[in-house]
K.L.:
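I have a structure here, written as structure tokens, and I will follow up with some questions on it.
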Amino acid sequence: MPSETQQDEIPKGEKLYEGKAKVLFQGEEEGTIIQYFKDDATAFNALKKGTITGKGIINNKMTELIMINLERIGIPTHFIKRLNDREQLVQHVEIVPLEVIVRNVIAGSMAKRLGIEEGTPLARPIIEFSLKDDDLGDPLIAEEHVLSLELATDEELSEIFDMTHQINDFLRGLFAGIGIKLIDFKLEYGRIYDEDGIGYRLILADEFSPDNCRLWDIETNKKLDKDRFRHDLGGEVEAYQEVAHRLGITL
Ligand code: TMP
Ligand code: ASP
């Protein structure tokens, strides 16, 4: 079980938002936010609720590791630094209201929607979009919806495609190196404005953890992600710990 250290009590500003798995607080410095990672787990748009003990610590440390590695290959991210076991400092962004989903292997909602067996490989990766709206259950939308509803511009969309493919290529390799297949995952992007309030750039935001990706052991296909919780498979705490351990994360 991960041990929790309370050493760094970070002075936090106003609570800005409480989501299903994280709480966001105003950071001390303007333009910064503190992301606090909870152990709360939800599935099926919060119809199912529970706890995965120690998950917040693992997701905080795993997001740190992934964001640092992505920065190294030239992907701009909102990550500034990890503050303690459960908190990290990030840049305040205006979230693009899209869930950007990448699929390398058919699983989850795609398997269900198209009646194709989970685990069927795809000839090439798919990038799909859901509208980020909990009340509507994050409905799948087409690229045309993104543009016509002005959720993102043409230019932003092509940047999102470019960055997302780069991230997928890099992360597939990173996970393959530790005996894990990266089946699918979800990303979120945000806009960070220049001082003039007009110019801006797109950066990767949110988190990367077993909460928002599917990870299968290369040899056995054992699921090492939130699907264990979603589908009552058991062993979710151990699965998250296993991923952390293989990534060399100390808990
Ligand atoms: P899906 O197969 O349920 O559509 O999920 C695709 C990927 O997106 C999977 O890795 C889990 C992740 N995901 C989220 O991070 N948040 C969500 O709300 C949903 C539905 C999926
Ligand atoms: N995160 C979503 C929820 O809370 C969906 C999921 O991950 O399955 O319900």
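For ligands, and for the atoms within them, numbers begin at 1 and follow the listed sequence.
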K.L.:
With a 6.0 Å cut-off (strictly less than), is the heavy-atom count around CD of E29, excluding the residue itself, greater than 12?
P.N.:
no
K.L.:
Which atoms from ligand 1 have a heavy atom of D138 less than 4.0 Å away?
P.N.:
18 (O)
K.L.:
Where on R113 is there a heavy atom closer than 4.0 Å to ligand 1, on the side chain, on the backbone, on both, or on neither?
P.N.:
neither
K.L.:
Has the side chain of N104 got a donor or acceptor atom that lies under 3.5 Å from a matching backbone atom of L182?
P.N.:
yes
K.L.:
Tell me: protein heavy atom nearest atom 2 (C) of ligand 2, and distance?
P.N.:
K20 NZ, 3.9 Å
K.L.:
Should the pair D39-R86 be classified as a salt bridge under the 4.0 Å nitrogen-to-oxygen rule?
P.N.:
yes
K.L.:
F185 heavy atoms, cut-off 4.0 Å: which ligand 1 atoms fall inside?
P.N.:
10 (O)
K.L.:
Please work out, at 4.0 Å between heavy atoms, whether the side chain, the backbone, both, or neither of K48 comes within that distance of ligand 2.
P.N.:
neither
K.L.:
Looking at Y36, I'd like to know if the NZ or CZ of K22 sits under 6.0 Å from its six-membered ring centre while staying within 45 degrees of the ring's axis.
P.N.:
no
K.L.:
With N60, which of Q88, E207, R82, Q35 fulfils side chain to side chain donor-acceptor pair (under 3.5 Å)?
P.N.:
Q88
K.L.:
Applying a heavy-atom cut-off of 4.0 Å, say which part of K226 lies close to ligand 1: side chain, backbone, both or neither.
P.N.:
neither
K.L.:
Which is closest to atom 5 (O) of ligand 1 by heavy-atom distance: K132, R214, R230?
P.N.:
R214
K.L.:
Is the closest basic N to carboxylate O distance between R228 and E238 below 4.0 Å?
P.N.:
no
K.L.:
Should R246 and D217 count as an ion pair when the cut-off is N to O under 4.0 Å?
P.N.:
yes
K.L.:
Output yes when K55 and D40 qualify as a salt bridge under the 4.0 Å nitrogen-oxygen rule, no when they do not.
P.N.:
no
K.L.:
Using a 4.0 Å cut-off to any heavy atom of G108, which atoms of ligand 1 qualify?
P.N.:
2 (O)
K.L.:
Are E87 and K81 close enough for a salt bridge, meaning some N to O gap below 4.0 Å?
P.N.:
no
K.L.:
Could you identify the single nearest non-hydrogen protein atom to atom 15 (O) of ligand 1 and state the distance to 0.1 Å?
P.N.:
N212 CB, 2.9 Å
K.L.:
I'd like to check whether E128 has a polar contact with ligand 1, where a contact means an N/O of the residue lying under 3.5 Å from an N/O of the ligand.
P.N.:
no
K.L.:
With a cut-off of 4.0 Å, which atoms of ligand 2 are near a heavy atom of A46?
P.N.:
3 (C), 4 (O), 9 (O)
K.L.:
Around K49, counting heavy atoms of other residues, nucleotides and ligands shown, do more than 12 lie under 6.0 Å from its NZ?
P.N.:
no
K.L.:
Could you list the atoms of ligand 1 found under 4.0 angstrom from a heavy atom of E99?
P.N.:
16 (N), 17 (C), 18 (O)
K.L.:
When you look for heavy atoms under 4.0 Å from ligand 1, do you find them on the side chain of I183, its backbone, both, or neither?
P.N.:
neither
K.L.:
What protein heavy atom sits nearest atom 8 (O) of ligand 2, and how far off is it?
P.N.:
R230 NE, 2.7 Å
K.L.:
Quick one: nearest non-hydrogen protein atom to atom 9 (O) of ligand 2, plus distance?
P.N.:
N45 N, 2.5 Å
K.L.:
Can you tell me how far apart CG (L65) and CZ (F208) are? Round to the nearest 0.5 Å.
P.N.:
11.0 Å
K.L.:
Tell me which one of T42, D40, N212 gets a heavy atom nearest to atom 4 (O) of ligand 2.
P.N.:
T42
K.L.:
Under a 4.0 angstrom heavy-atom cut-off, which atoms of ligand 1 come close to I101?
P.N.:
6 (C), 8 (O)
K.L.:
Students should be able to answer this: which protein heavy-atom is nearest to atom 13 (N) of ligand 1, and at what distance?
P.N.:
K186 CB, 4.1 Å
K.L.:
Does K20 come within less than 4.0 angstrom of ligand 1, counting non-hydrogen atoms of the residue?
P.N.:
no
K.L.:
State whether any protein heavy atom lies less than 4.0 Å from atom 21 (C) of ligand 1.
P.N.:
no
K.L.:
In terms of side-chain geometry, is the basic nitrogen of D184 or R103 positioned less than 4.0 Å from the acidic oxygen of its partner?
P.N.:
yes
K.L.:
Give the residue and atom name of whichever protein heavy atom lies nearest to atom 1 (N) of ligand 2, and the separation in Å to one decimal.
P.N.:
K226 NZ, 3.6 Å
K.L.:
Only heavy atoms of R103, strictly under 4.0 Å: list the atoms of ligand 1 that pass.
P.N.:
1 (P), 2 (O), 4 (O), 6 (C)
K.L.:
What protein heavy atom lies closest to atom 10 (O) of ligand 1? Include the residue and the distance to one decimal.
P.N.:
D184 OD1, 2.6 Å
K.L.:
Before accepting this row, confirm whether a basic side-chain N of the pair K20/D211 lies closer than 4.0 Å to the acidic partner's carboxylate O.
P.N.:
no
K.L.:
Centre-to-centre under 6.0 Å for F161 and F129, is that the case here?
P.N.:
yes
K.L.:
Give yes or no for whether the N/O distance cutoff of 3.5 Å, strictly under, is met between S109 and ligand 1.
P.N.:
yes
